[in-house]
Amino acid sequence: MADHAGEHDSFVESVMDKVNVDKLHGAHHDSSYSSDSEDENNDTKSPVDAVKAKIYRLFGRERPVHKVLGGGKPADIFLWRDKNVSAGVLGFATVIWALFELLQYHLLTLLCHILIVAITVLFLWSNASAFINTAPPQIPEVVLPRDIVLGVASALRIEMNRILEILRDIASGKDLKKFLVVIVGLWVVSILGNCWNFLTLFYIAFVLLHTVPVLYEKYEDKVDAFAEKAEAEIKKHYAVFNDQVLSKIPRGPLRDKKLA
């Protein structure tokens with residue numbers, strides 16, 4: 001009986017060992033299958049990601065042009081999403097520029113003339129309505145909303161603080177490249193200011209905002225391809241200049257210690 005019980009126990013143990021081995025094989029098969037499926041998914045995604053990573057965008061842009069311009073209504077106007085509104089805004093700016101630059105109008109004079117014409121027309125219409133049996137003009141009550149005024153003032157304050165923070169960061173001497181770019185940009189603007197006044201420069205910038213982004217969005221691939229070649233040429237020439245000129249400039253012992 002003892003031998004029979006021992007044989008029964010060994011038989012049960014062998015069956016349990018076989019079941020555990022099968023479970024281990026099944027788990028290994030499932031894990032290998034899942035890993036294979038993950039590898040297949042990675043293989044299917046990796047070419048797309050690789051292609052996207054290889055696409056060159058001007059100035060390292062990762063967002064669409066509409067988002068770069070801030071999105072919303074201003075970006076729609078600059079990109080001519082609504083041609084009537086964009087043409088109207090550009091036409092209004094052109095009329096203002098023509099009045100002040102071509103006709104040599106002054107802002108205060110223009111505002112006074114507009115008010116003279118508007119008040120005269122409304123005054124004559126109000127008095128003539130009693131003789132021609134027509135209703136007098138309904139002059140709307142114009143009140144500037146407090147929220148809009150505070151919102152504009154708050155937005156201007158935020159932008160001015162941001163500009164001052166950028167100038168402070170540049171003047172602190174942390175980034176030489178950014179400092180040189182700002183100095184050269186201000187120098188170019190000062191030269192342009194000698195050729196044209198502020199209003200003409202503002203109008204030119206306004207026209208460029210209405211033309212350059214929409215043209216770039218239309219010919220985006222061609223412009224990015226050309227910019228990639230231009231950047232490669234610039235980097236090549238800069239490497240030569242760095243090797244022949246900048247690397248030969250002696251450095252002070254203090255700077256060497258900091259770099260070490």
Side-chain angles (χ1 to χ4, degrees), residues 51-107 109-111 114 148 151-152 154-167 170 177-235 237-238:
V51 171
K52 289 183 178 179
K54 291 181 180 179
I55 296 177
Y56 176 87
R57 293 303 181 193
L58 191 62
F59 304 120
R61 177 178 58 84
E62 297 179 355
R63 298 181 298 170
V65 180
H66 191 271
K67 294 294 183 182
V68 173
L69 293 176
K73 195 65 177 178
D76 293 339
I77 294 174
F78 292 142
L79 295 176
W80 294 77
R81 295 289 191 263
D82 191 343
K83 295 183 179 180
N84 294 328
V85 175
S86 300
V89 172
L90 185 59
F92 178 76
T94 303
V95 170
I96 295 297
W97 175 79
L99 286 174
F100 289 116
E101 290 299 318
L102 299 182
L103 301 179
Q104 295 298 317
Y105 242 100
H106 297 285
L107 178 61
T109 304
L110 178 62
L111 291 177
I114 292 174
I148 294 178
V152 172
S154 177
L156 290 176
R157 182 183 64 84
I158 292 173
E159 292 299 324
M160 290 299 297
N161 289 334
R162 187 174 64 86
I163 293 173
L164 291 175
E165 182 65 25
I166 292 173
L167 294 177
I170 293 172
K177 182 179 179 182
K178 187 183 293 185
F179 169 76
L180 294 176
V181 169
V182 171
I183 294 299
V184 171
L186 292 175
W187 180 67
V188 171
V189 172
S190 66
I191 293 176
L192 294 176
N194 290 327
C195 302
W196 301 290
N197 57 18
F198 176 76
L199 182 61
T200 302
L201 288 176
F202 181 80
Y203 177 70
I204 292 173
F206 194 78
V207 172
L208 290 176
L209 280 174
H210 277 77
T211 53
V212 174
V214 66
L215 291 175
Y216 172 71
E217 188 181 39
K218 186 176 182 180
Y219 303 102
E220 181 178 0
D221 295 333
K222 295 180 181 180
V223 174
D224 288 340
F226 178 78
E228 185 178 10
K229 295 179 181 179
E231 184 179 358
E233 289 294 327
I234 292 173
K235 287 182 178 179
H237 291 296
Y238 177 77

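Computation of the quantities below employed the complete heavy-atom set of this structure, encompassing side-chain atoms and omitting hydrogens, waters and symmetry-equivalent molecules.
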Next item on the list: List the steps, then state whether side-chain contact (heavy atoms from CB on, under 4.5 Å) holds for K229 with E233.
Entry: CA-CA 6 Å; K229 295 179 181 179; E233 289 294 327; 5.7 Å; no
Next item on the list: Hey, can you tell me if F206 and F78 have their rings parallel, tilted or perpendicular (30° and 60° cut-offs)?
Entry: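 Ring orientation of F206 relative to F78: perpendicular.
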Note to self: Side chains of Y216 and D224, heavy atoms from C-beta outward: is any pair under 4.5 Å?
What the structure shows: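 Answer yes - side chains close enough.
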Can you tell me how far the [atom1] atom of [X] sits from the [atom2] atom of [Y], to the nearest 0.5 Å?
{"X": "E165", "Y": "I170", "atom1": "CD", "atom2": "CD1", "answer": "10.5 Å"}
{"X": "L186", "Y": "I191", "atom1": "CG", "atom2": "CD1", "answer": "11.5 Å"}
{"X": "K83", "Y": "I77", "atom1": "NZ", "atom2": "CD1", "answer": "15.5 Å"}
{"X": "L79", "Y": "L215", "atom1": "CG", "atom2": "CG", "answer": "10.5 Å"}
{"X": "I204", "Y": "L199", "atom1": "CD1", "atom2": "CG", "answer": "10.0 Å"}
{"X": "Y219", "Y": "D221", "atom1": "OH", "atom2": "CG", "answer": "12.5 Å"}

Notebook entry, point to check: Quick check: are there more than 12 heavy atoms from other residues, nucleotides or ligands sitting under 6.0 Å from CZ of F179?
Noted result: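 Incorrect, the count does not exceed 12.
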Margin query: Test side-chain contact (heavy atoms from CB on, under 4.5 Å) on V214 and H210; report intermediate values, then the result.
Written below: CA-CA 7 Å; V214 66; H210 277 77; over 6 Å; no
Check: Side chain of T109, backbone of Y105: donor and acceptor closer than 3.5 Å?
Finding: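 No; zero donor-acceptor contacts below 3.5 Å.
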Notebook entry, point to check: Between S154 and G151, is there a donor-acceptor pair closer than 3.5 Å when you use the side chain of the first and the backbone of the second?
Noted result: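 It does not hold such a pair.
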Check: Under the salt bridge (charged side-chain N to carboxylate O under 4.0 Å, His left out) rule, what pairs show up with a residue in residues 197-218, not counting sequence neighbours?
Finding: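 Matches after skipping sequence neighbours: R81-E217.
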Next item on the list: Name all pairs fulfilling the salt bridge (charged side-chain N to carboxylate O under 4.0 Å, His left out) condition that reach into residues 181-198, sequence neighbours left out, sorted by first residue then second.
Entry: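 Listed once each, the pairs would be none.
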Notebook entry, point to check: If every non-hydrogen atom of H66 is compared with every non-hydrogen atom of G72, which pair is closest and at what distance?
Noted result: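 Minimum heavy-atom contact is CE1-N, 3.6 Å.
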